[in-house]
Each structure stands twice: as structure tokens, then as C-alpha cells.
Number of protein chains: 2
Amino acid sequence: MDIDKAISALNNPIRRQILIWLKDRSNFPPALPEHADLDGVCVAYIQEKAALSQSTISTYMSLLKDAGLVLSARHGQWTFYRRNEEAIAATLKKLSEDLQ
Amino acid sequence: MDIDKAISALNNPIRRQILIWLKDRSNFPPALPEHADLDGVCVAYIQEKAALSQSTISTYMSLLKDAGLVLSARHGQWTFYRRNEEAIAATLKKLSEDLQ
DNA sequence: TCCATAAATCGAGATATCGCGATATACCGC
DNA sequence: GCGGTATATCGCGATATCTCGATTTATGGA
């Protein structure tokens, strides 16, 4: 876990908001029937919610993934992103232990 | 509490390290006798420990202060900085509540 | 094979942050 | 007032981040 990368990824209100939205799948439109059993949310839905460009959101999701805070899975043309709960918890724990 | 400012201030390993050092006064040289009863550490001691220029450390301390994470008190020519425990705890709590 | 769709990558201009040396300000003791 | 010390501020070049539109890559369907 790279705390520097993680804090850097968190140092943006929209990226933090994305992590918050991802806590609850119902923040996004319902999944297509063929994706009903898959975990995570596709880039297009996140983009729509965040109201930033496709390229920006794709970059943001890569950043979050690079920091370990989300996991991704490709299914056909879609990439589904979901929270990495362990990494998020570990990051918050490390920050608290360091600073508290 | 401005979480954006706080995370931004924390988004630097040396500023985080300073907050960690400030947990324990003994990380710095002993206070001058005439400062024995004062709380906090002067800029010069922090600078020496961090091994960055005086202007950089002064700016860093201003940033941390602006974010509310430290408090400052001027005594004569010296400015003494100390942790703002409540603000640090509140920042970590907010981050955890938002993201966890 | 072609076309359409989803996502990733590229290139760029605008803005922010980093860290410095130089300078300014504030305060002290003489 | 003057010189010295501690800190703050200024100006700057270097680097990083932000966000975009355009392009590329990957995939699926007709």
C-alpha cells in the first residue's frame, strides 16, 4: 500500500465522491440485464454521475486503481469498477495511526 | 473544517512527517530555558529536522495552519507551532466516515 | 469484414504545487 | 536608532495535476 499514491488519489473532491457513490450501487442507473450478476459500475455511469468528460473519468478511475482504492474487471466492452474495501480501510487506518 | 484544504495539506510526505514529529516534543532539541513553559516547536527546529529551506518550512507551516491542523503562537521573535489535536482527529473522522 | 459502442490513451493548455534564494518584516538587546 | 536573529513573504523555474477533445484500442454484433 503506497500511502502517498493513495492520499494523492484522494486529494480531489470528485474522486472522493466517486468512492462514496460506489458504496451503494443504487447511486447509478440499474445494470443491463446481462450484467445483473456482475459487481461494480461501468465507466459511462460514473461519468454521467460526475458530469466530467469520458477521458477525465477514465483517467480518474485509473488513478484510483493505481492507488489500489478500486478494483476493475473487464466484461466485454465494459470495465466495471468497484471499491477495494480492504485497501480503503488500510489507507484510513495507516493515516490514523500515523497522524493520530 | 475544510476537508479539501486538510487533505491538500496532508498530500505531502514531509508535512505529514512534521505532524508526526510534533506528537513528541523530544523529537526536537530542548527548548531554550526562557521557553521552557511554552508549548510547541519553533520553525528553526522543524527546519533543521526536515532539512529543507527556511522559506519552504515557513510556507509548509502556514499551509498546515491554514488547514487548521496546527496552531501557532508567537513569543518574541519565535513562532511556536503545535498540533491541533481536535482538528486532526476531526479530519481523520470525517475522512473515515465519508469513505469507509 | 464493417460498423457501432465502451474505454483507454495521447497531446495540450491552464492552473497548482514544489522548493529555492532573496528580500521584507518583526522583534530583541544594546 | 542599530545590528542581529527568527520568521514571513515574494518571485521564480521546475514539475505535477486538471480537464478537455481527438484518437486509438478492444470488443461485439450484423
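Note on naming: letters A, B, ... go to the chains in the order of the sequence lines (proteins, then strands), and numbering restarts at 1 for each one.
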What distance separates A:Leu99 CG from B:Leu22 CG, expressed to the nearest 0.5 Å? 11.0 Å

What is the separation between atom CG on A:Asp4 and atom P on D:dT15, rounded to the nearest whole Å? 18 Å

Distance test, side-chain N/O of A:Ser58 to OP1/OP2 of C:dA8, below 4.0 Å: yes

When rounded to the nearest 0.5 angstrom, what is the spacing between NE2 in B:His75 and CD in B:Glu34? 12.0 Å

Distance, nearest 0.5 Å, that separates OH of B:Tyr81 from CD1 of B:Ile18: 10.5 Å

Identify all stems in which DNA chain D takes part, counting only runs of at least 3 consecutive pairs (Watson-Crick or G-U wobble, each distance under 3.5 Å), and give each as one range with another, ordered by first number. C:1-30 with D:1-30

Tell me: CG of B:Leu63 to P of C:dA16, nearest whole Å? 14 Å

When rounded to whole Å, the CZ to C1' distance for the pair A:Phe80 and C:dT5 reads 13 Å

Ignoring hydrogens and angles, tell me if any N or O in the side chain of B:Lys65 forms a donor-acceptor pair with the backbone of B:Ser72 under 3.5 Å. no

Counting distance only, does the side-chain N/O of B:Asn84 pair as donor-acceptor with the main-chain N or O of B:Gly68 below 3.5 Å? yes

Whole angstrom value for the distance that separates C1' of D:dT9 from CG of B:Asp66: 14 Å

Under 3.5 Å donor-acceptor, B:Arg74 side chain and B:Thr79 backbone: no

Could you tell me whether the side chain of B:Arg16 reaches within less than 4.5 Å of the side chain of B:Asn12, counting heavy atoms only? no

Which ones in residues 14-31 of chain A lie close to DNA chain D, meaning a heavy atom under 4.0 Å from one of its atoms? A:Arg15

Note, B:Leu69 side chain near B:Arg83 side chain (heavy atom, < 4.5 Å): no

Atom NE2 of B:His35 to atom P of D:dA6: distance rounded to whole Å? 10 Å

Within the structure, does a side-chain N or O atom of A:Thr59 lie under 4.0 Å from either OP1 or OP2 of D:dC18? no

Atom SG in B:Cys42, atom NE2 in B:His35: separation rounded to 0.5 Å? 8.0 Å

Under 4.0 Å protein heavy-atom contact, by nucleotide of nucleotides 24-30 of chain C - B base, S sugar-phosphate only: --SBS--

The correct set of residues in residues 37-57 of chain B placing a heavy atom under 4.0 Å from DNA chain D is B:Cys42, B:Val43, B:Ala44, B:Gln54, B:Ser55

Interatomic distance, CD@B:Gln54 vs CD1@B:Ile46, rounded to 0.5 Å, equals 11.5 Å

The criterion is side chain to side chain contact (heavy atoms under 4.5 Å, CB included); which residues satisfy it with A:Arg25, sequence neighbours excluded? A:Phe28, A:Ala31, A:Val41, A:Tyr45

Find the distance A:Met61:CE to C:dA8:P and express it as a whole number of Å. 9 Å

List the atom pairs, with distances to 0.1 Å, where a side-chain N or O of residues 89-96 of chain A and a protein N or O form a donor-acceptor pair under 3.5 Å, not counting sequence neighbours.
from, atom 1, to, atom 2, distance (Å)
A:Thr91, OG1, A:Ala87, O, 2.8
A:Lys93, NZ, A:Glu97, OE2, 3.1
A:Lys94, NZ, A:Asp98, OD1, 2.9
A:Lys94, NZ, A:Asp98, OD2, 2.7
A:Ser96, OG, A:Leu92, O, 3.4

Which part of the nucleic acid, if any, lies within reach of A:Tyr81 when heavy atoms closer than 4.0 Å are counted: base, sugar-phosphate only, or nothing? sugar-phosphate

Rounded to the nearest 0.5 Å, what separates atom CG in A:Leu19 from atom CD in A:Glu85? 9.5 Å

Report the distance from atom CG of B:Asn11 to atom C1' of D:dT15, rounded to the nearest whole Å. 14 Å

Using a heavy-atom cut-off of under 4.0 Å over every strand shown, decide if B:Thr79 touches base, sugar-phosphate, or nothing. sugar-phosphate

Whole-Å gap separating P (D:dT5) and CD (B:Glu34): 15 Å

Could you go step by step and tell me if A:Thr59 and A:Thr56 meet the side chain to side chain donor-acceptor pair (under 3.5 Å) rule? CA-CA 5 Å; A:Thr59 304; A:Thr56 297; over 6 Å; no

For D:dC18, take OP1 and OP2 only and decide whether either is under 4.0 Å from a side-chain N or O of A:Asn12. yes

